[in-house]
Structure formats: C-alpha cells, structure tokens
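Only one structure is covered here, and it is reproduced in the block below.
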Amino acid sequence: MSVETLHIEGSVENVLFRNEVNGYIVLDLDAGGELITVVGCLGDIEEGELLILEGNYETTRKYGVQFKAEYCERKLPENTVNIEKYLASGAIRGIGPGLARKIVGVFGADTLNIIENNPRRLSEVKGISPKKCDEIAEEAKKLFSLRMVTSFLSQFDIKPKYAMNAFRRFGGNSMELIKLNPYILCGDGIDVEFGRADAVARELDIPRNSDHRIIAGMQCILRAFAERGNSCMLIEHLLKVVSPKLNISEKEFYSSYNAALEDSELFCYVIDDKEYVYLPDYYYAEQFIADRIHIIKDFTSPEDYNYDALIDLEEEEKGIKYEHKQRQAITTAVSRGLMVLTGGPGTGKTTTLNAIISIFEKRGDKVFLAAPTGRAAKRMSDLTCREAKTIHRLLEVVFDSADRQIFAHNENNPLDCDVIVVDEMSMVDSLLFEKLLRALKLGCRLIMVGDFHQLPSVGAGNLLKDIISSGAVPVVELTEIFRQAQQSCIVTNAHRIVNGDYPDITRKDSDFFFFKRSEFEAAVELIVDLTKRRLPNAYKYSPVDDIQIIAPSRKGTLGTVELNKVLQEKLNPPSQNKAEHKGYTYTYRIGDKVMQTKNNYDIVWKKDNEQGTGIFNGDIGKILSISPASQTAVIDFDGREATYTFDLLSQVELAYAITVHKSQGCEFEAVIMPVMGVFEKLCYRNLLYTAVTRAKKLLILIGSEENINRMVDNNKRTRRYSCLKHMLQS
C-alpha cells in the first residue's frame with residue numbers, strides 16, 4: 001500500500017542543524033502558525049526563506065514527529081520581517097543583523113531584488129562603502145547562482161548535493177555552463193548519472209548526436225571500465241558498447257571520438273596497429289610513470305657495485321646469515337636508483353628489507369617507508385620497527401582554490417627523503433603511483449616491495465606486474481623458503497599453490513585446516529560456530545578483532561553480503577541500547593565491524609591530539625556511535641575517529657566477511673575461507689593464493705577439495721588493459 005505524499009508550505013523559523021557536505025538539514029518551519037520540524041537533504045537553506053515541501057511525517061523514538069521532505073521548492077522571503085531575518089541569518093557573507101536592519105530600512109520589500117539585480121545601490125545605505133558594496137555583490141552573486149542551479153536540477157530529481165558539487169567546481173558560472181553542456185554534471189567530482197544528465201539535455205533540446213553527449217557517454221563507459229581495473233579500452237570495444245547505448249551510428253561515434261582527441265578530452269595509444277583509448281588522467285599517469293622511471297635510471301648507476309664488506313658487517317651486527325639472493329637484493333638496492341624486491345611468504349623479504357634500510361641509514365640517508373593502506377603501513381612499522389605511513393598520508397591531502405583535493409607534495413614541494421621504500425606494491429594503482437613519483441626528488445632512490453603473484457590493485461592498472469615484466473627495472477625475486485617458515489603449512493601450501501601444486505589439506509596438527517562441507521547451510525553454520533565459539537575458546541581469539549572471514553565473492557549464500565548479515569545477527573544482534581541505521585544493503589549498528597570501500601579524501605578524522613583527512617579503500621573500523629538526529633555515525637579506524645553522514649555510509653560495508661580483493665595488504669591472526677559455490681570467473685589460482693597469505697597463525701578452508709584443486713589448476717588471470725609495459729619498453 002503506497003503512502004500518500006503530503007504537501008506543506010511555510011517560512012523557515014530556525015535552522016537547527018546543517019551538514020555542509022551533503023546538504024542535510026534540520027529546521028523549524030512556520031506553517032500558518034504551526035511550528036513543524038522538517039528534515040531532509042534540502043541544500044543551503046536560511047532562516048526567513050519560504051518553502052513548499054512534499055514528503056511525509058515520521059515518528060522517531062528519540063525526536064518524536066518530524067516531516068521528512070523529499071521535494072523542496074524554495075522562494076525568497078517577500079515581506080520585510082522575513083527578508084530581514086533571512087539576511088540577518090548570514091545568508092550573504094558580510095551582512096549581519098545590524099546591517100540587515102539598515103538595508104531593509106532603506107529598500108523594504110524590494111531589498112532582495114535590489115541585491116540580486118542592482119547591488120551597487122547598496123551604497124545608498126549609510127555605512128556601506130563602495131568596496132563593501134562590491135564585496136556584498138560578489139557574495140550575493142554566488143548565493144543566487146547556487147539557488148538557481150539547485151532549483152533547476154531539482155526538476156530532474158537531482159539532489160541538492162550534486163548542485164553544491166557543481167557550484168564548487170564551476171562557481172558563479174555553473175548555470176550557464178550546465179545549459180551549454182549538461183553532461184559536465186557526469187564529470188569527476190560531481191558524479192551525476194549519465195541518464196539524469198541526458199534528461200536535462202533533452203529538456204534543453206540538445207541533439208542526440210551532439211559531441212557533448214557522445215563524448216560524455218564514452219567517458220562514462222571508460223570510467224566504469226577503469227573501476228574494474230583497466231587503464232584503457234580497445235577502440236572497437238568502446239564502439240561496441242557506446243553505439244547501442246547512445247543509439248548512434250559508427251560514423252557519429254568516430255566523428256565525436258576524433259573531436260575528443262583534438263580537444264584532449266580523450267587520448268589514444270597505439271600498439272601493433274591496435275588503438276587503446278584513455279581518459280586523460282590515466283593516460284597522463286602511465287606516460288609519466290614510464291618517463292620518470294627512465295629518468296631515475298639515467299640518474300643512477302647502471303650496474304651493481306661490490307658491497308660485500310657492508311653486508312658482512314650487517315650479518316655480524318644482526319647475527320644473521322643472508323643467502324645469495326638476499327645479498328644480491330641488498331647490493332642492487334644500494335647500487336641502483338630503483339629496484340623491485342619480490343618473493344612469496346617465508347622467503348626473507350622483511351629481513352632483506354631491514355638490512356637495506358639499515359645500510360642506507362648508516363650512510364646518512366633519510367629513509368621514508370610507505371604502503372597503500374593503513375593496515376599495510378602498520379604491519380610495515382611492526383616489522384621494521386620504524387614509522388611507516390600510508391602513501392596518502394605521506395603526500396598530505398590539501399584543497400585547492402576550487403575546493404578540490406590535491407596532494408601537498410609534488411614537483412614543486414617534494415618529499416624530504418633520499419630513499420623511499422614502498423611495500424605491498426601489488427596494491428598500488430597507476431594514479432596513486434604517478435602522484436608518488438611526482439613528489440620524489442630526482443635523486444631519490446625508490447625500493448618497491450611486493451608479491452606479483454597476489455591480486456592486482458583495486459584501482460586501475462597492473463602496475464607491479466607491468467614494471468617487472470617490462471624488464472625496465474632491476475628485479476630480485478627471493479625464492480628460498482627459510483627453515484623456520486617451512487614449519488608453517490600456511491607458508492608451504494602458499495608456495496605449493498603458486499607453483500601449481502595442490503595444497504596438503506590432510507594434516508590436523510598444523511596451522512592449515514580443511515573442513516569438508518557439501519551443503520551451503522552447513523558451511524554457514526560451521527563458519528558461525530568457528531567464529532563465535534570454537535576459535536575464541538581454543539585460541540582466545542576475538543571474533544571481531546582477530547578472526548576474519550574472507551570469501552571469493554560478494555554474491556551468493558557464501559558471499560560477503562549474506563555472510564555479513566548472518567554474522568552481524570550472531571555477533572552483534574539488535575538491542576534497545578544500540579542505535580542503528582538502515583542502509584540500502586545493510587543495517588548499521590553500534591559495535592559493527594565495517595570497511596571503507598572507496599578512497600575519500602574529505603573525511604576528517606581525529607586521533608588523540610592529531611587531526612587529518614582521508615579514509616581509504618580497505619580501511620577497517622568499528623562503529624562507535626549513531627545519531628539519528630544529526631544523521632551521522634562515528635567510526636573508529638585503528639584509533640582514528642571519523643564522523644560519517646548517513647549518505648556517506650553508502651561507502652561503508654559490514655566487514656565480518658570481506659572479499660579476497662578487499663583483504664589485500666592486511667594480515668589477520670585467523671582466516672576462514674569458504675571454497676564452495678565459487679563463481680567460475682573467480683575460480684583461479686592467485687585469488688586462492690592471496691587469501692591463504694592473509695593468515696598469520698591459522699587458516700581454515702571450508703568446502704570441497706575439488707574446488708580447491710580447480711582454483712589451483714586455473715592460472716588464467718583476468719586481463720587488465722594497460723599500455724604501461726609497452727611505454728616502459730619504449
């Protein structure tokens with residue numbers, strides 16, 4: 001049964017709360033003498049405004065009856081009382097209560113018309129100088145432009161937050177630019193869906209075959225392709241997707257494509273007569289990476305020197321005997337300007353890396369350590385006993401004049417280091433690596449550490465594999481498993497898997513266990529029992545902090561979505577004492593384990609006396625509080641407390657169970673992985689290998705031996721489109 005939409009009108013009496021990021025607001029509306037509390041994402045509304053609202057009343061346990069507005073039509077106040085109240089509220093920067101009274105005293109009910117259309121007349125008001133008049137006029141222009149954009153886009157059910165994004169990007173000219181080309185709304189930083197921008201374009205009578213429409217369609221397809229890990233796309237594939245989607249001919253496609261190339265809205269790179277199409281950001285990134293790597297090589301020695309004496313000294317001090325490949329890695333790192341150190345678990349990467357860092361420090365070099373995620377950086381700190389930062393934190397996120405996120409460190413403000421070591425390079429994507437390279441002094445040495453057998457980055461590119469296979473960079477791969485590591489079945493089975501051999505799942509006395517199950521329900525029951533009861537009782541593990549369920553897929557009975565719902569019900573059930581918020585996929589509850597699913601540079605966090613910005617893809621945290629009144633939740637990410645609006649919670653998922661892709665860069669005391677019902681496209685070797693190597697002390701596989709063997713047998717990797725390898729070789 002559908003709920004009838006209600007219609008109310010009135011003037012804004014008080015603004016009780018506003019969120020500047022998403023436009024969520026709580027206000028008191030005077031509707032014919034009755035004061036109504038209104039909530040909703042209505043934009044930058046001020047006291048005194050007249051509102052026409054559509055929505056419904058809802059009753060909350062804590063705040064009682066509220067009107068939840070789904071649609072808002074705004075009108076400027078018409079009588080002198082509301083006009084003065086509107087200006088006194090700070091709607092226009094530079095006008096406070098006293099000045100508002102003076103201005104309304106001179107112009108009366110015509111005040112807002114004067115400010116919008118003839119602001120120079122404000123100099124008629126005593127106390128307003130010509131300079132002050134110009135300042136007010138500029139602020140008023142911004143206000144009226146934002147109102148115009150918000151009102152116009154609301155006709156197409158485009159929320160105020162998108163209007164605010166457009167205004168931040170394009171300023172006072174937003175309306176003119178949108179009318180000229182509504183497809184700018186699809187761009188990065190505004191992110192309106194193509195279909196909604198298309199609706200605006202139809203209203204403005206923009207032709208179906210206009211360059212603006214076709215180029216925007218290409219860019220949207222390329223962005224979606226990049227979200228699946230690809231830096232570029234073959235031209236014939238792009239044509240095959242775009243033409244039917246936009247209902248255009250091949251001739252129209254190529255006409256707009258050539259126009260996009262001419263205006264640098266798209267780029268192409270040709271390999272063996274095959275044309276690969278790039279969005280500008282990815283083209284510039286991969287081209288810069290290739291160029292900078294060649295420059296670093298030109299600046300440093302082309303061959304290794306003899307550092308045996310230094311390495312012998314390290315051995316004596318540390319009481320360690322380095323094997324041949326480890327000595328080679330240390331020599332290459334100290335001799336060359338850049339190198340890749342790779343190898344599987346138990347092969348001594350950490351021991352080798354500590355020796356490299358120690359030698360550089362003894363030479364007086366300043367060494368920085370970095371990793372792509374917070375957990376990977378923390379692990380690097382623990383293993384090296386030195387501070388390691390995420391790449392984002394190292395580069396420092398700041399905002400430019402247009403309120404866009406940029407990094408503080410770049411070519412003009414390089415990092416103050418002589419050597420930088422980047423761990424977990426398999427997780428680093430092309431865009432982030434480009435930003436890091438831009439921030440390095442030309443003489444800075446670069447040591448890249450990672451396991452190329454693991455899954456590639458979530459972001460676009462196939463960086464580590466391309467760098468290694470290009471032959472453009474010195475690479476040392478450690479292969480010998482050390483005696484202590486040989487005692488771990490996790491380590492030995494990981495190497496068996498990566499070499500194409502089946503893991504030994506018969507032992508019952510080690511750290512690698514297999515439970516055979518053929519029914520999905522039985523597997524779910526076992527996962528819950530192991531997590532909630534058996535492992536905590538046997539090993540004193542925390543079900544939330546120490547045990548991690550890792551699944552191949554999001555979908556299905558044993559996918560992360562369904563497992564998270566089951567595990568939440570068992571580990572953190574609903575309670576009258578726990579506030580919660582119902583999202584699209586999950587209900588979020590105080591105490592829930594959650595994961596950030598995309599990079600967000602805006603989110604402010606606090607840790608002790610430190611404050612920073614940015615929570616990134618793969619960061620795991622716990623919900624501390626939820627406030628329905630302010631529509632916010634506070635999440636603790638390893639001591640960093642960040643406040644999320646309810647809208648932003650769409651970037652957060654429950655994390656009792658996570659996918660293998662999202663587990664990269666992390667290590668957990670115990671890992672449980674279902675290996676049954678695995679989708680064919682996810683049934684491959686390096687996905688299993690990556691999952692196995694996430695476990696520090698205990699790994700449990702649940703399912704069928706046949707599935708495990710199928711994954712080991714399938715060494716086909718999902719192809720990623722990138723031209724970086726060719727660029728490096730060129």
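Atoms considered below: every heavy atom in the structure, side chains included; atoms not considered: hydrogens, waters and symmetry mates. Given the structure is predicted, the values throughout are model-derived calculations rather than measurements.
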Could you tell me whether the side chain of [Y] reaches within less than 4.5 Å of the side chain of [X], counting heavy atoms only?
X: Leu246; Y: Phe194; result: yes
X: Leu687; Y: Met711; result: yes
X: Leu177; Y: Asn181; result: no
X: Leu455; Y: Asn686; result: yes

Treating [X] as the side-chain partner and [Y] as the backbone partner, does any N or O pair qualify as donor plus acceptor under 3.5 Å?
X: Asp619; Y: Gln596; result: no
X: Asp429; Y: Ala460; result: no
X: Arg208; Y: Asn247; result: yes
X: Asn707; Y: Val675; result: yes
X: Lys297; Y: Ala472; result: yes
X: Ser358; Y: Ala355; result: no
X: Arg694; Y: Cys666; result: yes
X: Asn714; Y: Arg710; result: no
X: Asp263; Y: Glu265; result: no
X: Gln326; Y: Thr351; result: no

Does a sphere of radius 6.0 Å around [atom1] in [X] hold more than 12 heavy atoms from other residues, nucleotides or ligands, not counting ones at 6.0 Å or beyond?
X: Lys465; atom1: NZ; result: no
X: Glu262; atom1: CD; result: no
X: Lys378; atom1: NZ; result: no
X: Glu361; atom1: CD; result: yes
X: Lys555; atom1: NZ; result: no

Under a 3.5 Å threshold, yes or no: a donor from one side chain and an acceptor from the other, between [X] and [Y]?
X: Gln287; Y: Tyr278; value: no
X: Gln664; Y: Thr690; value: no
X: Thr373; Y: Glu424; value: no
X: Ser256; Y: Asp211; value: yes

- Item | Glu653 with Arg554: basic N within carboxylate O range, under 4.0 Å | yes

Listed partners of [X] passing side-chain contact (heavy atoms from CB on, under 4.5 Å), at least two apart:
X: Ile468; answer: Val340, Phe452, Leu464, Val475
X: Lys274; answer: Leu234, Tyr276
X: Arg223; answer: Cys186, Asp188, Gln219, Cys220, Leu279

- Query: Got a second to check how far Ile248's CD1 is from Ile214's CD1, nearest 0.5 Å?
  - Reply: 4.0 Å

- Note on the structure: In Asp466, Asn462, Asn230, the residue satisfying side-chain hydrogen bond (donor to acceptor under 3.5 Å, both in side chains) with Ser722 is Asp466

- Query: Does Arg445 count as lying over the ring of Phe360, i.e. NZ or CZ under 6.0 Å from the six-ring centre, within 45 degrees of the axis?
  - Reply: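 Judged by the rule, Arg445 and Phe360 form no cation-pi pair.
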
Do the rings of [X] and [Y] sit parallel, tilted or perpendicular, given the 30° and 60° boundaries?
X: His453; Y: Tyr689; value: perpendicular
X: Tyr721; Y: His237; value: perpendicular
X: Phe253; Y: Tyr257; value: parallel

- Please assess Glu387 against Phe368 for the test side-chain contact (heavy atoms from CB on, under 4.5 Å), listing each intermediate value before the final yes or no. CA-CA 8 Å; Glu387 183 185 23; Phe368 282 2; over 6 Å; no

